[in-house]
Amino acid sequence: MRPTVHDIAAAAGVSLATVDRVLNQRPGVRHVTREKVETAIRELGYVRDVAAANLAKGRTYPLVFILPASDNSFMHGLNAEIRQAVLRSSAERTDIRTIEVPAFDPAALVSVLEQLSREKPCGIALVATDAPDVRAAVDRLVRERFPIVTLVSDLTGSLRHHYAGVDNIAAGRTAARLLGRFLGPRKGEIAVLAGSMLVRDHRERLEGFTAVMAEEFPDLAILPVLEGRDDPEVAHRLVADALGNAGIIGVYSLGAGNRGLIRALKEKAVDRVLTVIAHELTAHTRAALMDNTIDAILNQDAGHEVRSAIRVLKAKADGLAVIEAQERIRLDIFLKDNLP
């Protein structure tokens with residue numbers, strides 16, 4: 001049977017009020033008495049329910065999400081999920097705010113992180129730009145005991161506590177296998193549209209994609225990456241120009257900017273069938289699946305990522321363990337036939 005505070009009080013020969021003072025590290029307890037209580041806690045194997053204690057004390061967790069200011073549908077969806085979390089704040093005892101920074105701008109991200117170090121929230125979740133200055137800023141915050149979660153795009157090699165996102169190398173490998181299987185024995189070139197190679201999720205997807213292509217589909221040549229900065233207009237221009245190459249038979253969109261991709265695919269008159277794999281299920285990519293402009297979508301659940309980040313930040317603030325299986329983000333594959 002799990003020991004209780006009553007068992008501690010009985011073993012130490014003290015009152016419940018004294019046990020409470022020791023557990024909550026409040027003054028007013030003699031050194032010898034504190035030692036008796038701490039000895040009883042160790043011998044009984046008592047594990048404090050920090051979450052319940054915080055609930056009883058009415059603790060609120062101020063949390064900050066840092067997102068790129070970007071006109072792409074996935075980030076709009078991520079923002080929407082954070083707004084849903086704000087609506088649950090009273091029940092979850094959180095106080096959530098969002099800060100937007102220019103996309104792919106390490107200096108702007110570092111500036112916000114430095115500002116937050118002075119404000120001292122209970123936790124920070126950020127879509128990371130993979131740059132040495134960002135890594136150093138995150139490491140400083142962790143050393144100052146701030147819980148840090150990277151969201152969607154990781155910061156490998158940093159001291160961040162947790163990553164809430166899909167396995168992006170596996171996502172790229174999956175995209176390559178789908179594209180290769182769909183194209184069958186055809187030979188030709190593959191256009192790749194990314195946001196920026198400054199973010200690790202895009203680099204890792206490309207790494208997984210090129211590895212499988214080289215290993216299993218050597219007749220498909222990958223062209224130099226088009227970096228659309230997750231901007232629909234830039235993506236539209238880059239893809240429209242690229243499709244002037246008659247050798248392209250497939251397209252892999254590994255980032256956002258899919259509205260621009262879809263517009264270019266529909267506008268550009270091509271004398272061949274293109275196979276297209278993209279990321280993130282949005283209203284635009286759903287419609288493109290339905291009208292056969294896109295063949296398959298790889299999707300991550302933004303709502304799960306936001307909920308996971310909140311759970312982990314609260315657990316870290318309380319010094320509790322994270323249940324890794326609960327926080328694993330699944331990669332979904334959607335065709336027009338299995339849309340939710």
Side-chain angles (χ1 to χ4, degrees), residues 65-79 81-82 98-113 124-139 148-160 162-176 191-211 222 224-235 238-239 252-261 277-280 282 285 298-302 305-306 308-309 329 331:
F65 282 80
I66 308 174
L67 304 184
S70 177
D71 183 25
N72 76 68
S73 299
F74 178 74
M75 284 301 163
H76 292 331
L78 195 64
N79 253 311
E81 293 296 342
I82 295 170
T98 301
I99 299 175
E100 291 192 338
V101 298
F104 314 122
D105 187 337
L109 183 52
V110 169
S111 177
V112 169
L113 290 171
I124 301 168
L126 69 149
V127 178
T129 299
D130 191 12
D133 288 350
V134 176
R135 190 175 293 106
V138 165
D139 289 352
I148 304 286
V149 170
T150 51
L151 189 67
V152 179
S153 185
D154 200 6
L155 197 58
T156 305
S158 72
L159 298 177
R160 60 95 177 116
H162 184 77
Y163 163 57
V166 297
D167 180 336
N168 284 298
I169 292 178
R173 292 181 65 87
T174 301
V192 177
L193 175 65
S196 170
M197 292 296 101
L198 284 174
V199 288
R200 182 168 289 272
D201 58 330
H202 291 193
R203 292 207 310 273
E204 288 183 342
R205 289 173 189 177
L206 182 63
E207 177 186 340
F209 184 78
T210 55
I222 301 174
V225 176
L226 307 172
E227 293 190 53
R229 300 188 67 80
D230 287 349
D231 183 313
E233 294 304 318
V234 176
L238 291 174
V239 174
Y252 174 39
S253 176
L254 59 79
N258 285 324
R259 280 180 288 158
L261 165 70
I277 310 294
H279 279 261
E280 316 315 346
T282 67
T285 56
L298 304 180
N299 187 65
Q300 55 190 320
D301 186 338
E305 288 168 337
V306 169
S308 176
I329 308 298
L331 180 70

Practice prompt. Please report the shortest heavy-atom distance between Ala137 and Leu113, naming the atom on each side.
Written response: CB-CD1, 3.9 Å
Discussion item. I want to check something: taking the side chain as every heavy atom from C-beta on, are Glu280 and Thr285 in contact at a cut-off of under 4.5 Å?
Written reply: no
Fill in: Note, Arg135 side chain near Asp139 side chain (heavy atom, < 4.5 Å)
yes
Discussion item. For Val112, give me all partners under side chain to side chain contact (heavy atoms under 4.5 Å, CB included), at least two apart in sequence or on another chain.
Written reply: Ile66, Ile99, Val101, Leu116
Practice prompt. Might you point out which heavy atoms bring Leu193 and Gly257 nearest each other, and give the distance in Å?
Written response: CD2-O, 4.4 Å
Item to complete: Please list, chain by chain and in numerical order, all residues satisfying side-chain hydrogen bond (donor to acceptor under 3.5 Å, both in side chains) with Ser196, sequence neighbours excluded.
Response: none
Practice prompt. Sort and list the pairs that fulfil salt bridge (charged side-chain N to carboxylate O under 4.0 Å, His left out) and have at least one residue in residues 65-74, not counting sequence neighbours.
Written response: Asp71-Arg259
Worksheet item: Less than 4.5 Å apart, any side-chain heavy atom of Leu298 and any of Leu331?
Response: yes
Worksheet item: Can you check whether Gln300 reaches Val152 side chain to side chain, under 4.5 Å on heavy atoms?
Response: yes
Fill in: Shortest non-hydrogen separation from Leu155 to Ala131 and the atoms involved
CD1-N, 4.4 Å
Worksheet entry | Residues which pass side chain to side chain contact (heavy atoms under 4.5 Å, CB included) with Leu67, listed by chain and number, not counting sequence neighbours | Leu78, Asn79, Ile82, Thr98, Val127, Leu151
Discussion item. My understanding is that only residues two or more places apart in sequence, or in another chain, count here; which of them pass ring-ring contact (aromatic ring centres under 6.0 Å, His included) with Tyr252?
Written reply: Phe209, His279
Worksheet item: Under the side chain to side chain contact (heavy atoms under 4.5 Å, CB included) test, which residues partner Ala191, sequence neighbours left out?
Response: Ile248, Val251
Worksheet item: Taking all atoms of both residues into account, what is the closest heavy-atom pair of Pro106 and Phe104, and its distance?
Response: CD-O, 3.5 Å
Worksheet item: What distance do Arg173 atom CZ and Thr210 atom OG1 have between them, rounded to the nearest 0.5 Å?
Response: 9.5 Å
Response to the item:
Those residues at least two apart in sequence (or on a different chain) that pass side chain to side chain contact (heavy atoms under 4.5 Å, CB included) with Ala278 are Ser253, Asn258, Ile294, Ile297
Worksheet item: Residues in side-chain hydrogen bond (donor to acceptor under 3.5 Å, both in side chains) with Arg203, at least two apart?
Response: Asp130
Worksheet item: Who passes salt bridge (Lys or Arg N to Asp or Glu O under 4.0 Å) against Glu227, sequence neighbours left out?
Response: none
Worksheet entry | Heavy-atom pair of closest approach, residues Asp201 and Ser153 | OD1-OG, 3.0 Å
Worksheet item: Should Asp230 and Met75 count as side-chain neighbours, where that means a heavy-atom distance under 4.5 Å?
Response: no
Discussion item. Does Thr129 form a side-chain contact (heavy atoms from CB on, under 4.5 Å) with Asp105? I'd like the steps, not just the answer.
Written reply: CA-CA 7 Å; Thr129 299; Asp105 187 337; over 6 Å; no
Item to complete: Would you give the length of the straight line joining atom OG1 of Thr282 to atom NE2 of His76, rounded to the nearest 0.5 angstrom?
Response: 10.0 Å
Practice prompt. Mind checking salt bridge (Lys or Arg N to Asp or Glu O under 4.0 Å) for Asp154 and listing every partner two or more places apart, or none if nothing turns up?
Written response: Arg160
Worksheet item: Does the Thr174 side chain pair with the main chain of Ala170, one donor and one acceptor, at a distance under 3.5 Å?
Response: yes
Practice prompt. Identify, with sequence neighbours excluded, every residue that meets ring-ring contact (aromatic ring centres under 6.0 Å, His included) alongside His202.
Written response: none
Worksheet item: Distance from Thr156 atom OG1 to Glu204 atom CD, nearest 0.5 Å?
Response: 5.5 Å
Worksheet entry | Contact summary for Val149 and Ala309, nearest pair of heavy atoms | CG1-CB, 4.1 Å
Discussion item. List the residues meeting salt bridge (Lys or Arg N to Asp or Glu O under 4.0 Å) with Glu207, not counting sequence neighbours, and say none if there are none.
Written reply: none
